[in-house]
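As the structure is a prediction and not an experimental result, all values here were calculated from the model. Below, all heavy atoms of this structure are taken into account, side chains as well, without hydrogens, waters or symmetry copies. Numbers restart at 1 for each chain; the letters A, B, ... are given by sequence-line order, proteins then strands.
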Amino acid sequence: QKAPTPPTTATIPAGEPDPAVWGKVYPDQYASYLKQKEMTKGNSKYGGSVPESHLKEAPVQVKLFAGYPFSEDYNEERGHVWALEDVTKTQRVGPKTISSCWNCKSPNVPPLIEKMGDSFWSTPFDQLKDQIKHPIACADCHDAQTNALKITRVTLLDALKTRGVDPAKLSRQEMRTMVCAQCHVEYYFRPEDKRVTYPWKYGLKMDDAEKLYEEINFKDWDHKESGAPMLKAQHPDYELFSTGVHAANGVACADCHMPYIKQGTSKISSHQIQSPLNSLSQSCQTCHKQSEQYLKDQVIGTQDQVFKTKVSLEKALSDAIDAINTASKNPNAKAEMMTQARTLHRKSQWRWDYISAENSMGFHSPKEALRVLGEGIDLARQAQLTANLAVGTAAGGTANPDAGKTPGAGTSVDAAGPGAAPKQQ
Amino acid sequence: QKAPTPPTTATIPAGEPDPAVWGKVYPDQYASYLKQKEMTKGNSKYGGSVPESHLKEAPVQVKLFAGYPFSEDYNEERGHVWALEDVTKTQRVGPKTISSCWNCKSPNVPPLIEKMGDSFWSTPFDQLKDQIKHPIACADCHDAQTNALKITRVTLLDALKTRGVDPAKLSRQEMRTMVCAQCHVEYYFRPEDKRVTYPWKYGLKMDDAEKLYEEINFKDWDHKESGAPMLKAQHPDYELFSTGVHAANGVACADCHMPYIKQGTSKISSHQIQSPLNSLSQSCQTCHKQSEQYLKDQVIGTQDQVFKTKVSLEKALSDAIDAINTASKNPNAKAEMMTQARTLHRKSQWRWDYISAENSMGFHSPKEALRVLGEGIDLARQAQLTANLAVGTAAGGTANPDAGKTPGAGTSVDAAGPGAAPKQQ
Amino acid sequence: MKPLSPRLKKWLLLAVPVILALAVFVRYEFEHTSTNQYCGYTCHIMRPAYESSFHNVHREEMNVNCRDCHLPEENLAETLVYKAYSGARDYYKNTFDPPDVLRTTDWSRDIIQSNCIRCHQTVVEHINISGGKLCFECHRGIPHGQWYQPFSSEKIYTPIR
Ligand SMILES: [Ca+2]
Ligand SMILES: [Ca+2]
């Protein structure tokens, strides 16, 4: 069950945060870990390890995030060794930032949580800066004594409890996914104490998280232009992946992102965690006999399809925001319909963000990604329609004052009454 | 290149349409061909061989097809042996039906076309009834002398020419798909002589066919409620399949729909062409080692996702039709915008029908199916919006008479002018 | 017939046993280097293929060996040439340039295909087999019957639903 460890005389102190110390015992893994410092784009089209600005790539995102720090600074993520540099340098962090943000960035975190208890979470971010010294490293995933994979984040243990899963019973293959699920998941700060929490109460799907957020009336911010109470999705990599064909076949994150590589005559797991497009042979060809070119085309072809649909949704969202924004400046706009338009905006942008913030541009589960985006488009266009009707009917003084109450159910029929159109004049 | 034929003493006359004659030489294949008479649903959820009414399953289709015979009679298709019975009994056939409808229903057709030339197509359907005696059979796919697969339909030969493909150069594996592509394709009647034609001029995708139809200003009918000039899609099985991952791996229609079955010590191709869900073991498990249950779940899970998105689009289309219908009764509706709404209706319903009329509920290419439906939703909701604005702005007499000219580009902003909402009062 | 010169006789006396010994040795080596044990165990890199073919009727019940599929059986010349070539290549690669994944060459696929047909002639006698998919493109798991990396062969589903 557990991974065999190469024999060694040196020992690693329990929880040792410094990867260099581990590196003395496991030099090959350490060397490949350090390669994450290289920042390559390589074969990748939508990912890669260059911290390019998402906002520059798609300026419409500035509008979608209006009123939220993501509209100011939001970059492509890169290797684990950069985690500290990135979280401290981002302009999203400010004086009001709390320590919950450290949770997924360093092996120094678990001991601190152990020491401080639930007071950890809302402690100001800056206050712990001196005690957090290493970016994500060995101790985040391994037990120092046995080297076995280990869940080090209470946040995942909490979530497993919610789902009724006993972490001790996870198989080795499952652990090869679950160590990643410590961090590559959607989360929110539990309102009472800001504890990092995964919204898995009803299940792992987009709809399940939404259901929980509705239930607890959660919002991340109020949209500056539309005024809608918004949800921010963040990297639901594990959740989206779970709905796909690879998960259904028991393929683990590590199978693709940490493939076995030759080191002399034996193999090690690559610790240069990166886009599998830059290790197609090792990552995919053990299972897929097709050529590298075919595999690359499949990935990028799939991503292109998802991207195209995502862009349609961005356009629809942008239109919806404009419509709500303008309508809201009209004092005659029907309040009830404006609320409805804002709810629709919230729901559609949640769907967009779920796929946009996920990191594989849909590859982890293409069908689910496209389904979610399709729903988003439906809702965004309905938001736009509802906002228009809120003003249109008010301004027009039509016969039927409840016009447009149920967009999506044939509003203009309601507006005119069946066959009653001539009466309007 | 060409397939070796099992030796036989009996001979089959060239083009022999009667399968019973072939059956004397190939009794096993004939016996399995005859099994198509069984009408089983089996494991199938969205297909199967029971001629259930599509209109009863989803009554909204009556509205979507308003003004077209498909709104009166439209059934699930069944095995090839039923082709004649179905085409003669359907209420879609009437006194004005032409012989083009025979093209894909019987091996008696190719000799007739040879004899009659292009006058075949527009000959009244009833006039040839006596000369068409056998439903789809051996001679539709095989050469009687060599038993090799053969393209017998000029309509496919025409289309291959358009695409610059030399039929003589198709490999055996390709022929295992191309014999099916004779019939399982989208088609239209060429306006000048009603010759059955496949819209492949610009390529095989949904968008390519649409491009051609726009170019030649083609329409199948005028929608009775919305007045839009509509396109009817019909069974683009081959085209949708071509965009999928199985086609990318050289899997042929016959691999799944005519799997090898053991007949004593040797195997033959099953000629009981049906839903592969009823032959999972033979159709899929040689390539996929997973359990039958897994494979069934993958197919039906995928189909459920596509179905759900298709239903959303049906809802959006229904709303759009209502909106256009009502708005059109309002004499103040802006003509230009009404035209635009109708164009949007045409384009979105084409997308819906492309996936709905295709026979695998998306399984042949799930990602493409979902992309197409996503586009359809976007366009249908824009149609609804545009129709509403055509009346809304007209009735409301807003400041800006061009309001809503560009739906999808923030119409209510235009309506009010930027930041000018208060002026509206 | 011209009598053999003593010189030649001497040579022959020496050469015949040597040639014989050599032939026996080559023959032995040929056999030795064609055993499952040899193919599967000599080189670390071959272990996954070796182990993955254990639980397949071919190995388990039918005693079909690596060579039955991977060596040409129809003509001796091809067999010898192929064996020498692929053996040399494998040794070279194994020492200097071990690949991360093994992939069959076109030549080796042709050989496998003809071996499938050799044994299963009757099964396929009524269907067309040229110019289509190769046997093992449908029978994808035969005999190296697994889809997962050998290292992660436990079947799992995502633990949380
Ligand atoms: Ca990245
Ligand atoms: Ca059917």
Side-chain angles (χ1 to χ4, degrees), chain A residues 245 248-249 290 294 297-298 302 305-306 308-309 312 315-316 318-319 321-332 366-368 370-371 373-375 377-378 381-382 384-385 387-389 391-393 395-398 404 407-413 415-416 418-422 424-425, chain B residues 245 248-249 290 294 297-298 302 305-306 308-309 312 315-316 318-319 322-333 366-368 370-371 373-375 377-378 381-382 384-385 387-389 391-393 395-398 404 407-413 415-416 418-422 424-425:
Chain A
V245 76
N249 282 282
Q290 300 93 335
Y294 160 90
D297 289 348
Q298 283 298 311
T302 299
Q305 251 167 333
V306 173
K308 206 177 152 186
T309 308
S312 301
K315 180 105 191 47
S318 171
D319 290 347
I321 292 171
D322 287 347
I324 299 174
N325 191 11
T326 315
S328 69
K329 294 188 185 124
N330 185 330
N332 286 340
K367 290 172 268 191
E368 176 70 359
L370 287 161
R371 178 189 76 85
L373 290 173
E375 276 189 28
I377 292 174
D378 202 0
R381 289 289 177 206
Q382 289 189 40
Q384 182 189 8
L385 175 68
N388 269 290
L389 291 176
V391 201
T393 51
T398 50
T411 26
S412 83
V413 175
Q424 280 202 319
Q425 297 161 55
Chain B
V245 76
N249 281 280
Q290 299 94 333
Y294 160 92
D297 289 348
Q298 283 298 313
T302 299
Q305 252 168 333
V306 173
K308 207 178 150 185
T309 307
S312 300
K315 179 104 190 46
S318 170
D319 290 347
D322 287 347
I324 299 174
N325 191 11
T326 314
S328 70
K329 292 186 187 126
N330 185 330
N332 286 339
K367 290 173 270 191
E368 175 71 357
L370 286 162
R371 178 189 76 85
L373 290 173
E375 275 189 29
I377 292 174
D378 202 0
R381 289 290 176 206
Q382 289 190 39
Q384 182 188 8
L385 175 68
N388 269 290
L389 291 176
V391 202
T393 51
T398 50
T411 25
S412 83
V413 174
Q424 283 202 317
Q425 296 160 58

Do you know the tightest heavy-atom contact between B:Ala333 and B:Ala327?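 Residues B:Ala333 and B:Ala327, closest heavy atoms: CB-O, 3.4 Å.
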
Non-neighbouring partners of A:Gln298 that pass side chain to side chain donor-acceptor pair (under 3.5 Å), sequence neighbours left out: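 Testing A:Gln298 for side chain to side chain donor-acceptor pair (under 3.5 Å), a comparison that skips the adjacent residues, returns none.
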
Quick one: list whatever passes side chain to side chain donor-acceptor pair (under 3.5 Å) with B:Asp297, sequence neighbours left out.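 Per chain and number, B:Asp297 pairs via side chain to side chain donor-acceptor pair (under 3.5 Å) with B:Gln293.
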
Count the heavy-atom pairs under 4.5 Å between each of B:Asn249, B:Leu373, B:Thr302 and chain A, then report the option with the highest count.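 If we count pairs closer than 4.5 Å to chain A, B:Asn249 comes out on top.
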
Do you know which of B:Asp378, B:Leu370, B:Thr309 has the most heavy-atom pairs with chain A at a distance under 4.5 angstrom?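 Highest number of heavy-atom pairs under 4.5 Å: B:Asp378.
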
Could you tell me the separation between the CD atom of B:Gln382 and the CG atom of A:Asp319, rounded to the nearest 0.5 Å?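 Reported to 0.5 Å precision, the distance equals 7.5 Å.
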
Residue B:Glu375 versus chain A: region with a heavy atom under 4.5 Å: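 For B:Glu375, side-chain heavy atoms alone lie under 4.5 Å from chain A.
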
If you count heavy-atom pairs within less than 4.5 Å of chain B, which of A:Glu368, A:Lys367, A:Lys308 leads?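 Looking at each option in turn, the highest pair count goes to A:Lys367.
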
